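Below is one structure; the comments refer to it alone.
This structure is a prediction, so every number in the text was calculated from the model and none was measured. So that the names make sense, note that chain A is the first sequence line, chain B the second, and so on, each numbered from 1.
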Amino acid sequence: GQQVMQIPQYQHVQEGEDFTTYCNSSTTLSNIQWYKQRPGGHPVFLIQLVKSGEVKKQKRLTFQFGEAKKNSSLHITATQTTDVGTYFCAGPATGNQFYFGTGTSLTVIP
Amino acid sequence: GAGVSQTPSNKVTEKGKYVELRCDPISGHTALYWYRQSLGQGPEFLIYFQGTGAADDSGLPNDRFFAVRPEGSVSTLKIQRTERGDSAVYLCASSHLYTGELFFGEGSRLTVL
């Protein structure tokens with residue numbers, strides 16, 4: 001079955017440092033979504049990427065979809081304590097169901 | 001309400017009991033998903049509805065799990081003969097047919113003693 005892996009599993013950064021999480025799929029994806037889950041909360045949608053090589057920015061967050069549409073990355077510039085949480089990528093299988101990655105847990109040290 | 005509503009928020013039951021978890025999606029969202037999330041893990045896909053029918057139930061772990069959405073809105077996830085390994089947060093999400101963005105509820109935390 002489809003597998004979506006993320007690295008690293010955990011990341012601790014000093015406030016102000018940059019952070020990147022990588023998502024890799026065993027199959028080609030038609031699109032990929034990113035979600036953020038705060039501790040004790042539920043996943044919240046951040047963005048969807050559709051096109052090969054697509055890059056989208058949201059303030060300090062930059063999302064990229066690989067040329068082969070099998071990998072993606074999320075980069076946060078100058079992290080803040082409000083960035084704390086677990087970041088998941090999610091890709092669709094044959095239908096519209098989305099399989100979530102293993103997640104990267106971000107801790108920001110003030 | 002404006003968001004996805006799940007009840008109960010917490011459920012503690014004994015091994016072997018039957019449990020129902022309810023999800024009320026955002027009005028107008030035709031797609032509804034159930035996921036299960038264990039501590040430190042990503043959401044695990046269980047089942048996906050498009051309207052009233054289960055478009056994909058390949059994630060249901062075994063025949064003790066069943067879900068319905070009889071009128072294309074509210075959905076109920078049913079777990080028979082619960083086991084301790086069923087303990088997790090059960091997340092429901094809905095989406096509009098054409099956008100694919102998933103809106104999650106707060107989840108139902110199930111604890112099987």
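At most 12 non-hydrogen atoms from other residues, nucleotides or ligands lie less than 6.0 angstrom from CG of B:Leu39. Counting heavy atoms of neighbouring residues, nucleotides and ligands inside a 6.0 Å radius, atom CD of B:Glu71 does not exceed 12 of them. For B:Tyr18, the OH atom is densely surrounded, since the number of other residues' heavy atoms within 6.0 Å is greater than 12. Environment of NZ in B:Lys11: sparse, with no more than 12 heavy atoms of neighbouring residues, nucleotides or ligands closer than 6.0 Å.
Closest non-hydrogen pair, B:Gln41 versus A:Phe88, comes out as O-CZ, 4.0 Å. Closest heavy-atom contact between B:Gly100 and A:Tyr35: O-OH, 4.4 Å. The heavy-atom pair separating A:Tyr99 from B:Ser58 by the smallest distance is OH-OG, 3.8 Å. Among all heavy-atom pairs drawn from B:Glu106 and A:His42, the shortest one is OE2-CE1, 3.1 Å. Heavy atoms only, all atoms of each residue included: B:Leu102 and A:Phe45 are closest at O-CB, 4.1 Å. Smallest separation of non-hydrogen atoms from A:Phe98 and B:Tyr35: O-OH, 2.5 Å.
Applying the salt bridge (charged side-chain N to carboxylate O under 4.0 Å, His left out) criterion to B:Arg36, with sequence neighbours excluded, gives B:Glu44.
Looking at B:Phe104, both its backbone and its side chain come within 4.5 Å of chain A, counting heavy atoms on both sides. Proximity to chain B (any heavy atom under 4.5 Å) is shown, for A:Gln6, by neither the backbone nor the side chain.
Both B:Tyr90 and B:Ile47 are assigned to one and the same hydrophobic cluster, defined by single-linkage of ILVMFWY side chains at heavy-atom distances under 4.5 Å.
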